Amino acid sequence: MTSSNRKVRLRFAPSPTGSLHIGGARTALFNWAYARRHGGRFILRIEDTDRERSTPEHEAAVLEGMRWLGIDWDEGPDVGGDFGPYRQTERFDSYAELAERMVADGTAYRAFDSTEEIQAMRETWMHSGQKPVYQGRDLDPEESARRAESDPFVLRFRVPEGTTRFTDMIRGEVSFDNGEVDDWVMVRSDGTPTYNFVVVCDDTSMEISHVMRGEEHLTNTPKQVLLYEALGLEPPSFGHFPLILGKDKKKLSKRTGDTAVQSYREKGYPPEAVLNFLCLQGWALDDKTEIFSVQDLIGHFDPADVSKGGSIFDPEKFLWLAGEYVRASEVGDLAERCLPYVVAAGLATEADLRERRDWFERAVATEQERIRLYADLPARIAYLFARDGEVVYDPQAEKNARKHADRLDTLKDYLAWLEPHLQAGSPAEEVRARTRDWVGERGLKFPQLFQPLRCALTGAAGGPDLFDVMELLGPQAVRKRLQAAAERLA
RNA sequence: GGCCCCUUCGUCUAGUCAGGCCUAGGACACCAGGUUUUCAUCCUGGCGACAGGGGUUCAAAUCCCCUAGGGGUCACCA
C-alpha cells in the first residue's frame with residue numbers, strides 16, 4: 001500500500017481520561033492482532049495532552065485493563081523502548097521546533113482571532129448554511145511577526161487547494177475536498193500542541209506504519225495526511241473501524257450501556273469471552289464459527305474483512321458467550337476464578353475455601369452449567385453455607401413442596417429410610433438408584449418426593465442433582481434440614 | 001446545515017472485491033417439541049433479512065446511478 005518496505009509497527013494511543021473503554025479495547029485488540037500477525041511491534045502510547053482530564057490513575061487503569069485482557073505491548077510508558085518517551089506530555093520539545101519551521105516556510109501561520117470571534121464565526125456558519133470552515137485569515141509575515149510580540153496567537157496549518165485522498169484499509173478510497181478542511185490549530189496560544197499535530201509528529205518519529213482507529217477519526221485523517229505532505233513525509237496506512245453502537249444506534253456511551261472493560265471484569269465475565277465478543281463486533285472468523293481464541297484472530301485477521309457499518313452492542317449475546325466459556329472451563333480453573341466472588345459475597349473466607357479445596361471444586365462443578373458469570377456463583381451455592389435451620393426457601397420452591405399433601409410423611413419416612421445410608425456414607429450413585437426404587441415401591445411420583453426434598457435441602461425450585469447436593473452437605477446437615485423442613489412445611 | 005462514512009433476519013454476521021454454487025448460511029434472542037427428579041445444559045424443529053427505485057447483463061444481495069434512512073464530524077478535546 002503506502003509503505004511496502006516499512007517495518008510493521010502499530011500503536012494503541014488512548015488518552016487517560018477514563019478507564020479502558022470497550023471500543024478502545026477492540027481498537028487495541030485489532031491493532032495488536034495485526035502487529036502479531038505480521039511479526040511487527042505493538043506500541044502503547046499515552047495521549048495525555050489534555051492536562052485537565054488526564055490522570056495517572058486513569059493511565060494505570062487503562063494498562064491494567066489491557067493486561068487483564070492479555071493484550072501485551074512491546075513498547076510503552078512502563079516498559080520503555082527505543083522510540084520513547086511514550087507519554088506525549090514528555091515529548092513537547094520536539095513539537096515546538098517543528099512548528100517554528102513551518103511558520104518560517106509558510107506551511108503554518110499565526111492567527112490572532114479571539115475565542116469570541118471564532119465562536120461568532122461558527123454561529124454564522126451553522127445558521128446560514130455556509131461552509132463551516134476557517135481558512136486563509138493570515139496576515140502578511142511582517143505584520144504577523146510584529147503583532148506576535150504583544151498579542152496572543154495560535155498556529156494554524158495552511159490547507160492548500162486540491163483534494164486529499166487516501167486508501168483506507170477498511171473502506172477503500174476516501175477523498176475530501178480541501179476546501180472543506182479547516183485551517184486547523186496546530187499550536188494553542190499557551191504554546192502546547194494539539195492532537196492532530198502531535199499525532200503526526202509522534203507517529204512519524206515512532207515509525208508507525210499502520211494507523212487503525214475508530215471511525216470518529218475519519219475526518220481527522222485528511223488533516224493529518226495534509227500535514228504529512230507538507231512535511232514531505234510518507235503517511236502511514238490508515239484504517240477506520242466502524243463504531244460500536246448502543247441500543248439507540250448512537251456511539252456506545254455510559255448512557256446506553258456499560259462501556260468500561262473494568263465493569264465486565266467486576267461482573268465476572270471471563271476475559272477470553274470479552275476478547276472473543278469484541279472480535280465479533282465488526283469481524284467474523286468465517287461463516288459459522290462464533291467461539292474462537294485470540295490465536296485464531298491473529299491467524300486470520302485482515303482489516304479488509306472488517307465490516308464498514310457500525311454494530312449494536314448486544315448484552316444478551318455477550319452473556320451467552322460468557323456462559324459458553326464458563327461451561328468449557330476446566331473445573332479447577334473455574335473454581336479458582338470464582339473464589340474471589342464467593343469470598344466477596346461473605347459466604348466463606350479464602351482460607352476456608354482453600355482448605356476445603358476439593359469440596360469447593362465439587363460445589364462449583366454442580367453449578368458450572370447454570371452460571372454464566374463468575375459472579376453468578378455465590379448466590380447459587382449460598383445454601384451450602386446456610387445454617388441448617390435457616391435455609392432460605394424460595395417462594396416457588398415452597399409452593400412446589402406444599403403441592404403435595406403427603407409431603408411431611410414422605411420426608412419423615414424418607415429420612416428414616418435414608419438414615420442407614422447417611423451413616424454408611426453411601427456414594428451418591430447408589431443412593432440415587434435406591435431412592436428411585438423407594439419412590440416406586442411407595443407408589444409415589446418423583447415430584448412428590450423430590451420437590452419437598454429440594455426445598456428442604458436447598459430452598460430453591462431448581463438446581464443440581466439432589467444426591468450430589470447431599471454429598472456436599474454431609475449427613476448431619478441433611479438430617480437437620482429434613483427435620484427442619486418437617487416443621488417449616490407443615 | 002456543510003462534508004464524510006455506512007445500509008443482508010429484532011441483534012451480531014457469512015456471502016459483495018473476482019455476478020451464476022444464494023429457493024441468502026451461521027449465531028444470539030424468541031416460539032414449539034424432546035431429554036432430565038427440578039432448573040440449567042444438551043438435541044430437534046420453527047419464526048425471520050438482501051432499505052426503495054431505476055439501469056447494465058442470458059443472469060445482480062453482488063456492478064452503475066438516483067432516492068431514502070442511519071451514523072460520524074465540524075473545538076485553542078483526543
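Residue numbering restarts at 1 for every chain, and letters A, B, ... go by the order of the sequence lines. Worth saying up front: this structure is predicted, and the values here are computed from it rather than measured.
- Taking atom C1' in both B:C22 and B:U11, one finds a spacing of 22 Å when rounded to whole Å.
- Using a 4.0 Å heavy-atom distance criterion, A:Glu52 is classed as making no nucleic acid contact.
- Comparing B:C5, B:C76, B:G2 by their closest approach to the side chain of A:Leu218 singles out B:C5.
- Under the Watson-Crick or G-U wobble criterion, with both distances below 3.5 Å, B:A40 is left unpaired in every strand shown.
- Across all strands shown, A:Arg171 has heavy atoms under 4.0 Å from sugar-phosphate atoms exclusively, and none from any base.
- Put simply, CG on A:Asp182 is 9 Å from C1' on B:A75, counting in whole angstrom units.
- Using a 4.0 Å heavy-atom distance criterion, A:Tyr195 is classed as a base contact.
- When Watson-Crick and G-U wobble pairs are counted only if both distances are under 3.5 Å, B:C17 pairs with no nucleotide at all.
- Proximity note for A:Glu47 (side chain, C-beta onward) versus B:C76, B:C5, B:A78: the nearest is B:A78.
- A close approach under 4.0 Å does occur between a side-chain nitrogen or oxygen of A:Lys251 and OP1 or OP2 of B:U73.
- For the OP1/OP2 pair of B:G71 and a distance below 4.0 Å, the side-chain nitrogens and oxygens of A:Lys250 include at least one atom meeting the criterion.
- Checking B:U11 for Watson-Crick or G-U wobble geometry (two distances, each under 3.5 Å) identifies B:A27 as its partner.
- Regarding A:Arg454, its CZ atom lies at a distance of 9 Å from the P atom of B:C39, rounded to whole Å.
- Residue contacts shown for A:Gly309 are limited to sugar-phosphate atoms, with no base heavy atom under 4.0 Å away.
- Two rings, from A:Phe12 and A:Trp73, have their centers 6.0 Å or more apart.
- Atom name P, nucleotides B:G70 and B:G25: the rounded distance is 30 Å, in whole Å.
- Going from atom CG of A:Asp314 over to atom P of B:A27 covers 15 Å, rounded to whole Å.
- Side-chain atoms of A:Arg370 and base atoms of B:C39 include a donor and an acceptor less than 3.5 Å apart.
- Rounded to an integer number of Å, the gap from A:Phe197 CZ to B:A78 C1' is 16 Å.
- No engagement by A:Gly323 is indicated, since no non-hydrogen atom pair under 4.0 Å with the nucleic acid exists.
- Both A:Ser311 and A:Arg432 lie close to RNA chain B; mapped to their nearest nucleotides by heavy-atom distance, the more 5′-ward contact belongs to A:Ser311.
- The side chain of A:Phe176 lies closest to B:C4, out of B:G71, B:C4, B:C28.
- Across all strands shown, the partner of B:C4 is B:G71, judged by Watson-Crick or G-U wobble contacts whose two distances both fall under 3.5 Å.
- A:Glu324 comes within contact range of the sugar-phosphate backbone alone, with a heavy-atom separation under 4.0 Å but no base atom that close.
- When rounded to the nearest whole Å, the span between CD of A:Glu216 and C1' of B:C74 equals 14 Å.
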Show your working on salt bridge (Lys or Arg N to Asp or Glu O under 4.0 Å) between A:Glu429 and A:Arg432 and close with a plain yes or no. CA-CA 5 Å; A:Glu429 308 88 83; A:Arg432 185 181 299 123; 5.4 Å; no

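- Residue-level contact check: A:Arg372 touches neither bases nor backbone, having no heavy atom under 4.0 Å from any strand.
- Relative to the side chain of A:Lys249, the nucleotides B:C76, B:U13, B:G70 differ in distance, and B:G70 lies closest.
- Test A:Glu47, A:Gln88, A:His217 against A:Tyr195 for side chain to side chain donor-acceptor pair (under 3.5 Å) and you get one pass: A:His217.
- Residue A:Asp113 is classed as a base contact, given a heavy-atom separation below 4.0 Å to a base.
- Between A:Lys399 and A:Asp394 there is no salt bridge, since none of the side-chain N atoms of the basic residue sits less than 4.0 Å from a carboxylate O of the acidic one.
- Going from the P atom of B:G48 to that of B:C42 covers 25 Å, rounded to whole Å.
- In this model, the phosphate group of B:C76 is approached by a side-chain N or O of A:Arg156 to a distance below 4.0 Å at OP1 or OP2.
- As rounded to whole Å, 17 Å separates atom P of B:G71 from atom CD1 of A:Ile244.
- The ring of A:His217 does not lie on top of the base of B:G72; it is either too far (5.5 Å or more) or too tilted (30° or more).
- Residue contacts for A:Asn220: at a heavy-atom cut-off of 4.0 Å it reaches a base atom on one of the strands shown.
- Distance, A:Arg51 CZ to B:C76 C1': 15 Å, rounded to whole Å.
- Side-chain contact annotation: A:Ser311 with A:Gln281, donor-acceptor N/O pair under 3.5 Å present.
- Of the listed nucleotides (B:G26, B:C5, B:A75), B:A75 has the atom at the smallest distance from the side chain of A:Arg122.
- The shortest side-chain heavy-atom distance between A:Thr221 and A:Val174 does not fall under the 4.5 Å cut-off.
- One side chain, A:Thr192 or A:Asp190, offers a donor N or O that lies under 3.5 Å from an acceptor on the other.
- Taking the side chain of A:Arg327 as heavy atoms from C-beta on, and the options B:U41, B:C6, B:C28, the nearest nucleotide is B:U41.
- Nucleotides B:C76 and B:G71 are separated by 26 Å at their P atoms, to the nearest Å.
- OP1 or OP2 of B:A75 has not a single side-chain nitrogen or oxygen of A:Thr194 nearer than 4.0 Å.
- Only the C1' atoms considered, B:A60 is 6 Å distant from B:G19, to the nearest whole Å.
- Donor-acceptor pairing under 3.5 Å, judged by distance alone, is present between the side chain of A:Ser189 and the base of B:C76.
- Going from the P atom of B:G20 to that of B:G15 covers 13 Å, rounded to whole Å.
- Pair assignment for B:C50: none, as no Watson-Crick or G-U wobble contacts are both less than 3.5 Å.
- Here A:Ile371 lies out of heavy-atom contact (under 4.0 Å) with every strand.
- Set against B:A78, B:U38, B:A14, the side chain of A:Asp287 has B:A14 as its closest nucleotide.
- Backbone-only engagement by A:Thr49 is indicated by non-hydrogen atom pairs under 4.0 Å involving sugar-phosphate atoms exclusively.
- In the set B:U13, B:C5, B:A27, B:U13 carries the atom at the smallest distance from any side-chain atom of A:Ser307.
- Taking the ring centroids of A:Phe292 and A:Trp283, they lie under the 6.0 Å cut-off.
- Rounded to a whole angstrom, the distance from the P atom of B:C47 to that of B:U57 is 37 Å.
- The aromatic rings of A:His421 and A:Trp417 lie tilted to each other, with the angle between the two planes from 30° to 60°.
- Taking atom CG of A:Asp286 as the reference point, atom P of B:A27 lies 12 Å away to the nearest angstrom.
- Among the heavy atoms of the strands lying under 4.0 Å from A:Ile312 are primed sugar atoms or P, OP1, OP2 only; no base atom is included.
- Residue A:Lys317 is classed as a base contact, given a heavy-atom separation below 4.0 Å to a base.
- Using a 4.0 Å heavy-atom distance criterion, A:Glu290 is classed as a base contact.
- Aromatic pair A:Phe157/A:Tyr109: centroids not less than 6.0 angstrom apart.
- Taking for each of A:Asp248 and A:Ser15 the nucleotide of RNA chain B with the nearest heavy atom, the 5'-most of the two is the partner of A:Asp248.
- B:C12 sits 16 Å from B:C50 when the P atoms are compared, rounded to a whole Å.
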